[in-house]
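Worksheet for the structure shown next.
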Amino acid sequence: MPSAGSALAASAPPPPTPLQYSTTAIERAYQENSAVLGEPAGITECRTDSYPCWRTFTTGGIYVLGPAQQPIIVSGAIYQKWNTLGGLFGGTVGSPVALMDCDAALDCQQRFYDGTIYARSTGPAILVPGKHWIYSHANELGWPLADPTCSSGSTCTQTFERGLSYTRGNEHRAVTYGDIYTYYKDKASALGGPFGVPECSDRGCSQHFERGQVFSSPRLGTFTMTGAIRAFYLSYPGPELGWPTSEEQCGLPGGGCLQHLEAGRAYWAPVVGPSMISGGIMSAWHSLGAETGSLGYPLSKEYCHAGLCYQRFQSGAYLVWSPGAGTHLTAGAIGAKFERYVTYLGGPTTSRETCGLRSGGCLQQFTYGRMYWAPGIGAWPIRGGMETRWRSTGAENGSLGYPTSPEYCRLDGTGCVQYFQGGQLIWGTGTGVEGGYAPA
């Protein structure tokens, strides 16, 4: 004897077929929307007895895309545009996926599987292709002004009220809008196509293009960085020099170019490449004639260590800034040794060398000691207790003469030695007064 449950299951009516369900749903939707759809132009049909199902009218159509799904109406100018694009089967944008959305002015838009069609009451319907990626930027772009324009290289652009969409092939999709778009309209040929979308913060917005990057700030304006200056700028930590405040300016000595930044300048010149300069070092460099002076262009960027900052220039000289001492120049043979002994001597405390010493020698004062140079000997540093002991012997005028090496110390801290023209000074634990010195 069959159970009660099986009897109920046997007596349940079969689910409606797609045609049965769609016919009922479409008739109900037509009764509510006959004014925009016009007279019937056919009967309800389904694709091989499966979804989608549809019925066309003189000014629109009703479509059911799946079981128990709400019918979707396509009508008016959007319907006409959609039909010219191939309609439901084999068309450019495929089936509708959302109801028509209209505002008080009867400007309407409707999303399809692979695009959105826009129709204003005062103009033709316009297609915006693509799976809703561009649609997600509708607020920034505004209304489309024309259908996409495509080149033979599969590159397509489309203009909007406040922006532009750009696609190349199936992968490269981008939009630009706002102040960057206003700027881009006059520089499109130089910049090429955009990438991605504008990236914005409290400072402003920036966007990458094929041949540069645009920075747009309400406070600073809108400018492009390109080429080697841009690449170097993007690699610069921070970047603490801020955003550009001018376009790149070329025609400098030696074929150089510069671009002003919020807190400094970016330079490029043949042979020396890109560089950036700022702060006290930039001020001192300008006082010496900048790129037209004896130092030439800056090289690379400013380096800082233990509160001291320095930058090398085309001539080989350094400008060094240190707390309390300010910015000073070290050049020539003494300057050539600066970077090697920067942690040992610190920065220069004067930009002037004292020359006219014995045998035509020179010295420069540094924070922790001095650097001496003499013909045939070269430049060598000396500081601390070693310098005190050496000076007690008469310094370069005494029996030891000029230093001929730096100070060498054992790793365990038990001894140091420095060589001079006339001998050496040694300090070590257990070393007596004779032949040694007490460290400072």
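Positions are given from 1, in the same order as the sequence printed here. Computed from heavy atoms alone, side chains included, the values below leave out hydrogens, waters and symmetry copies. Please read these numbers as outputs of a predicted model, since none were measured by experiment.
At a threshold of 4.0 Å, the pair R203-E262 counts as salt-bridged, since one of the basic side-chain nitrogens sits closer than that to a carboxylate oxygen.
Panel note: side chain D103, backbone D107; a donor-acceptor pair is recorded below 3.5 Å. For the pair T116 (side chain) and F112 (backbone), a donor-acceptor distance under 3.5 Å is absent. The backbone N or O of A379 lies less than 3.5 Å from a partner atom in the side chain of K337, making a donor-acceptor pair. Between the side chain of S121 and the backbone N or O of A105 there is at least one donor-acceptor pair closer than 3.5 Å. Checking side-chain atoms of T224 against main-chain N and O of V214 turns up no donor-acceptor pair under 3.5 Å. Not one N or O on the side chain of T48 forms a donor-acceptor pair closer than 3.5 Å with the backbone of S50. Between the side chain of Q364 and the main chain of T350, a donor-acceptor pair closer than 3.5 Å is present. In this structure, the side chain of E339 does not engage the main chain of R312 through any donor-acceptor pair within 3.5 Å. The backbone N or O of V175 sits less than 3.5 Å from a side-chain atom of Q207, completing a donor-acceptor pair. At distances below 3.5 Å, not a single donor-acceptor pair connects side-chain atoms of T155 with backbone N or O atoms of R168.
Taken to the nearest 0.5 Å, the OG atom of S315 stands 7.5 Å off from the CG atom of L329.
Side-chain atoms of Y118 and R120 include no donor-acceptor pair closer than 3.5 Å. A donor atom on one side chain and an acceptor atom on the other are not found under 3.5 Å apart for Y318 and Q311. Side-chain polar atoms of T349 and Q365 form no donor-acceptor pair below 3.5 angstrom. Between R230 and T226, the side chains place no donor N or O within less than 3.5 Å of an acceptor N or O (distance only, hydrogens not considered). Side chains of T330 and Y310: a donor-acceptor N/O pair is absent below 3.5 angstrom, by distance only.
Contact check for R173 versus I134: no side-chain heavy atoms found under the 4.5 Å cut-off. Within the 4.5 Å cutoff, the side chain of Q110 has no heavy atoms near those of the D101 side chain. You'll find the side chain of S278 stays beyond 4.5 Å of the side chain of R265, heavy atoms only. Considering only heavy atoms from C-beta on, Q259 comes within 4.5 Å of M225 through its side chain. Side chains of L258 and W268 form no contact here, defined as non-hydrogen atoms less than 4.5 Å apart.
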Side-chain donor-acceptor distances from residues 355-363 under 3.5 Å, at least two apart:
from	atom 1	to	atom 2	distance (Å)
R358	NH1	E396	O	2.4
R358	NH1	G398	O	3.3

Side chains of residues 290-297: which donor-acceptor pairs under 3.5 Å do they make with residues two or more places apart or in other chains?
from	atom 1	to	atom 2	distance (Å)
T292	OG1	G289	O	2.7
Y297	OH	P253	O	2.5

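Close placement of the F209 and Y184 rings is indicated, their centers lying within 6.0 Å of each other. Checked against the 6.0 Å centroid threshold, Y63 and W82 count as a close aromatic pair. In summary, the aromatic rings of H172 and F195 are positioned with their centroids under 6.0 Å apart. Residues Y267 and W285 bring their aromatic ring centres within 6.0 Å. For F215 and Y183, the distance between ring centers is not under 6.0 angstrom.
With a 6.0 Å radius and a threshold of 12 heavy atoms from other residues, nucleotides or ligands, Q70 has its CD atom at or below the threshold.
Relative to the ring axis of Y135, R111 places its NZ or CZ within 45° and under 6.0 Å from the centre. A cation-pi arrangement is absent between R383 and F366, since the terminal nitrogen or guanidinium carbon is not both under 6.0 Å from the aromatic centre and inside a 45° cone about the axis.
Just one of W427, Y402, Y372, Y419 meets the ring-ring contact (aromatic ring centres under 6.0 Å, His included) condition when paired with W390; it is Y372.
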H328 and S351: side-chain hydrogen bond (donor to acceptor under 3.5 Å, both in side chains), yes or no, with the steps?
CA-CA 5 Å; H328 295 287; S351 296; 3.3 Å; yes
Check step by step if side chain to side chain contact (heavy atoms under 4.5 Å, CB included) holds for I73 and L99.
CA-CA 7 Å; I73 295 172; L99 298 174; 5.8 Å; no
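The heavy-atom pair separating I180 from S216 by the smallest distance is CG1-CB, 3.7 Å. Minimum heavy-atom separation, T59 to Y79: C-CD2, 3.8 Å.
Annotation: salt bridge (charged side-chain N to carboxylate O under 4.0 Å, His left out) contacts involving residues 366-381, sequence neighbours excluded, comprise R370-E387.
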